[in-house]
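Okay, so here's the structure we're looking at.
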Amino acid sequence: MLFYLLKRIGLAVVIVVVAVVLLYSMIHIVPGDPASVILGPRATPEMKQELYELMGLDRPFVVQVVSFLGKVARGDLGMDFFSQRPVAQIVFKQLDETLVLVLASIGWAMLLGIPLGCYSAVFRNTFSDKLVGFFSIGVIAVPSFVVALYSLLLFAVTLKWLPAIGAGEPGQYLDQLQHLILPAFAIGLGWVGYIARLVRASMLEVLNENHIRRARAFGLPEHMIVFQYALKLAILPTITLLGTGIGRLISSAVFAEIVFARPGIGKLIFDSVVSRNYPLVMGAVLVSTVLFVLSTTISDSVNAMLDPRVRERL
Amino acid sequence: MSTPNMQFSKIRLSRRSFLKASAASAGWLMLPGLGMHPSWAQDIRILRVRDYGDPQSLDPGIASNLYEENVNAAVHNKLIAYKPGTKWAWQLEAAQSIEQTDPTHIKFVLKPGITFTNGFGEMTAEDVKFSYERIIDPELKSPIKGDWATLESVDVTDKYSGVIVLSKPFQALWMTTLPYMGGNIVSKKATLAAGGKFSAMPPCFSGPYVIKEREPKQRTILARNPEWKGEPAGFDEIHIFPIDDEKTAEMGFEAGDLDYTRISMSSYKNLKKKPPENSVVEKYPSLYYVWLGMNMEHPKLSDERVRRAVQYAVDIPSILEAAYDGVADPATGFVPPGLVGHRPDTLVPFKADFAKAKQLLTEAGYPDGIDLDLEVRNKAVYIAAGQVIQAVAAQAGIRMTMNLHDSGSFWSLGDESKGDRWKKLQLVLNRFSSAPDPHYAAQWFTKEQVGVWNWERFKNPEYNQLYEKALAEADKDKRDQMYRRMQELMEASGAYRFITHEAVPVIYTNRIVPALRPDGMPLLRYFTTA
């Protein structure tokens, strides 16, 4: 297991480095001038030159990449020359907001999706099962930004039950929770369907296995069989899905952050790319890449821990 | 194995119980939202407004964006400021009196008793001198240096008085410099103590509001300045939310999260017809100008007849209807109505004339039409405008390929210092912001701006001469004629087809009285409760 973990971590580091190099190449290939966008038409050539130097854009490409990776190794993501604040400070502040949103989304999706999946499996081929199936496919098919827009129109604009924009007053948790409900609902709804379908399929497989039949024969209570024996095994594919799903969740978060005018790393990346604010782009993408690699590494490791065959496959 | 109504020893799981549990969970999730609205409830002591960007620099000497000025104007003072209303005018702010004693000298006297917060003392003429002279100091590299291009010095007469000395007359000073970004007065002592410039948070304030809190990308909170002795601020706090998307802001307003916001032109008619409860919808003329530019040095467009054919093939009414929902009016140049230099009409009629366009193309040697590239920024309104231009021009045999760019790519299309892309540039749908003096817009089309912001590469000696003359001309009528002629020269070159000045529709709750410039931009320090 230890060898597996070391290999997995080594692979994660390689993925991050490759991602950084690729990203660096891409942002330099894409045409665009950060100085013209950021400084506007009133920028003088001297100001533009100073900006390039500040951003390190006057140096050769390889030097820029190596310098960036060197800084990252020392825990320094650079400075955002405009706000004069460290990139790490800006990114982690936004990351908090995105993580809260992503965790809330996936949290409620699991809370609803797993019981729905179990219910469908236990009552399979009944009208309720078909209803859950119909609901699951329906919510998977609707893009999260559509859910975001309609939920905003219904619950915020028409009914005025929930706020429409922002992340709430800092320090006021009830207010922040209220601001979180609609975006988390929008992002999580599709995941309810995914999780319910996945859990159902896994549960059906597991419920037919010999040890479950044996447990029934021994007269164990049904809830114990479902939740303690069957679900424990049936949840594995869901853990893997969630691990790889972090990237998709962050992508969905971009839409939610734009529609609900929430701060977050997705919107930060979007704004930074549009304005060619390279230090912020690099910092934000690096952090989200690490997050993605970390979550897949953790989910793979959990899988490997529970199923030894996975360790041998890496 | 499984039954529809399974008996668990501890949990009785049935369809009904499952549905009950689900409903209870959903109710629990929604509970905090029902009837308890702490932050977005209407609290009239707090004004909540949307701005289109998040301030990056709050040093008035370095800031160059309108959303930065919106904050700076509320927390600092200027000698004179824009007067809220529908006609462009200025009013005294920090100055007790101000007068132009001759074309190059402006004498001012400050109101006594305006103090800087944080113990930085009373505002004096020394602070005015420092604030304006630092902008022309090459060391500061101020982006608004051009606003004070003719400033020679500010001579301090006594504690409250001084004279602004210009190297040559500069008429735009009264409408684009003193009441705008370049007019903010900072504390000399505080700024020097901060190292000569600051970025995120000013070291002190002198306006009716102070910056209480900055949450980058989230909001800026202004609070009453306890040391302010002028007309009391209208609100305890102003919360400014940076929201780029107008549609999002509209929904925020309708949900009760905002008190004032600019809205999209596409929403104006609907909202005007059926405004949300307790709200007012208004439309203001904008200073922006949108035009179709043509690169005069591109081989395909070097023949004036081809450029003029393009001018005649663009149908302005169709663009205004399709892209601007009939809310915006056509433009006759870069100067909007109501300002000195506005042209009443254009050389080329607003309506397209396909026969004329085809005739010009044939004369230029393109009897079968011509293929051209049109560069457009990827925002819905410009894409729609580009599509209309493309579709209508095709009727005259001008086949356009539309290329979309994000703003990062778009704003370097004609920049010579960014490589050779400018050489391939043919047609570009462009939009610039402006200020309430024609000088501001006119400066981008001089010979010196070729390859910088003059992407059409328009070089006209008469234009340059008039530009210099108009800067110094004190006679309003003569200035008016000069700027009209300059726009005529631009249009006559064939390189410009002016489209519109757009419009600024806004919405606000009837519990506030907004103070807006004639172009609909907010003057937050003058907002009050109804």
Side-chain angles (χ1 to χ4, degrees), chain A residues 30-34 36-37 39-48 50 82-85 90 94 108 111-112 115 119 122-124 126 128 152-153 156-157 160-170 172 174-175 177-178 181 207 216 221-223 258-259 261 263 267-268 273-276, chain B residues 1-2 4 6-11 13 15 18 21-22 25 29-30 32-34 36-40 56-57 64-65 138 141 143-146 199-200 215-219 241 243-245 248-249 251-252 254-258 405-409 411-412 415 417-419 421 432 444 453:
Chain A
V30 172
D33 174 26
S36 301
V37 176
L39 300 175
R42 305 174 130 211
T44 58
E46 300 80 50
M47 286 176 67
K48 286 186 178 180
E50 190 191 36
F82 255 91
S83 59
Q84 297 294 318
R85 290 160 60 225
I90 299 170
Q94 305 292 311
W108 88 264
L111 277 176
L112 189 59
Y119 180 85
V122 172
F123 298 103
R124 74 172 189 271
T126 62
S128 306
L152 191 137
L153 284 169
V157 174
K160 297 196 189 315
W161 286 356
L162 293 163
I165 55 169
E169 293 282 323
Q172 292 189 16
L174 181 64
D175 188 38
L177 178 67
Q178 285 167 340
I181 292 174
L207 284 171
R216 283 214 175 88
E222 195 63 26
H223 78 275
I258 290 171
V259 171
K267 191 161 185 298
L268 180 75
V273 169
V274 168
S275 62
R276 304 290 192 271
Chain B
M1 195 181 67
S2 62
M6 189 175 285
Q7 299 285 326
F8 291 155
S9 62
K10 287 181 185 167
I11 305 167
L13 185 62
R15 274 189 295 271
F18 182 82
S22 305
S25 308
L29 277 170
M30 297 295 285
L34 299 174
M36 293 182 289
H37 299 179
S39 75
W40 77 95
Q56 300 285 337
S57 171
S64 63
N65 294 302
K141 298 186 178 79
I144 53 170
K145 196 175 166 184
S199 178
E215 284 279 335
K217 311 266 175 202
Q218 202 166 342
R219 66 180 180 175
F241 298 92
I243 304 170
D244 178 44
D245 184 43
T248 302
M251 286 196 263
E254 290 192 57
D257 292 356
L258 294 171
H405 302 264
D406 72 337
S407 47
S409 165
W411 290 118
S412 59
D415 187 346
S417 67
K418 294 286 114 202
R421 285 211 297 166
F432 277 7
W444 312 121
W453 292 107

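Because only heavy atoms are used, hydrogens play no part in the values below, and waters and symmetry mates are left out as well, while side chains stay in. Every chain is numbered from 1, with letters handed out A, B, ... down the list of sequences.
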Set of residues satisfying side chain to side chain contact (heavy atoms under 4.5 Å, CB included) with respect to A:Leu153, sequence neighbours excluded: A:Val157, B:Met251
So, using side chain to side chain contact (heavy atoms under 4.5 Å, CB included) as the criterion, who are the partners of B:Gln218 when residues are at least two apart? A:Glu97, A:Ala167, A:Pro263, B:Glu215
Kindly say whether A:Ala164 contributes a backbone atom to a donor-acceptor pair with the side chain of B:Asp257 at under 3.5 angstrom? yes
Taking every heavy atom of B:Gly252 against every heavy atom of A:Ile165, the minimum-distance pair comes out as CA-CG2, 4.1 Å
Under 4.5 Å heavy-atom distance to chain B, tell me which part of A:Leu111 shows up: side chain, backbone, both or neither. neither
